[in-house]
Amino acid sequence: MDSIELIRKFLQERLGVEPEKVQRDSVLADLGVDSLMVAELMFEAEDRLDISIDNDQPVPVTVADMQLIIDRLLAQKTVQA
């Protein structure tokens, strides 16, 4: 599962957001994502992708911001393996 797929599935399951509405330039708040939901999404990414997201990460504003955080950590995990 890649990052955009994870984000789309999470938002569809939790908020009923249609997957095609979740685009890279979509603002998370416009999709109904509040700060608590961002935290839940980060925890979901950690669990499903076996990564660890530091608390000092900037809070993502767009789907692309969230993807960047997840993809960067996945790349680091691959390099370390």
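Note: hydrogens, waters and symmetry copies are ignored here, and every other heavy atom, side chains too, is used.
Heavy atoms only, all atoms of each residue included: D71 and S3 are closest at OD1-OG, 2.8 Å. Across all their heavy atoms, A45 and I70 have their closest contact at CB-CD1, 3.9 Å. Taking all atoms of both residues into account, the shortest heavy-atom contact from P60 to L28 is O-CD1, 3.6 Å.
Under the 4.5 Å side-chain heavy-atom criterion for grouping Ile, Leu, Val, Met, Phe, Trp and Tyr, L74 is connected to I53 within one hydrophobic cluster. At a threshold of 4.5 Å between side-chain heavy atoms, the hydrophobic network of Ile, Leu, Val, Met, Phe, Trp and Tyr places L73 and L68 in two separate groups.
Taking the side chain to side chain donor-acceptor pair (under 3.5 Å) definition, one finds that D2 meets it with nothing, sequence neighbours left out. Taking T62 as the reference, D65 meet the side chain to side chain donor-acceptor pair (under 3.5 Å) condition, with sequence neighbours excluded.
E13 has its side chain within reach of K9: a pair of non-hydrogen atoms, C-beta onward, lies under 4.5 Å apart. At least one side-chain heavy atom of L11 sits under 4.5 Å from a side-chain heavy atom of V33.
For D56, the CG atom sits in a packed shell: over 12 heavy atoms of surrounding residues, nucleotides or ligands are nearer than 6.0 Å.
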Listing, residues 16-25 side-chain donor-acceptor contacts under 3.5 Å, not counting sequence neighbours, or none:
residue : atom : partner : partner atom : Å
Q23     : NE2  : E20     : O            : 2.6
R24     : NH1  : Q67     : OE1          : 2.8

Review item, side-chain donor-acceptor pairs of residues 34-44, under 3.5 Å, at least two apart:
residue : atom : partner : partner atom : Å
D34     : OD1  : L36     : N            : 3.2
D34     : OD1  : M37     : N            : 2.8
E40     : OE1  : R14     : NH1          : 2.8
E44     : OE2  : R48     : NE           : 2.5
E44     : OE2  : R48     : NH2          : 3.1

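Distance check: S52 OG to Q76 CD gives 10.5 Å after rounding to the nearest 0.5 Å.
Alongside V61, the hydrophobic cluster contains V27 (criterion: ILVMFWY side chains under 4.5 Å).
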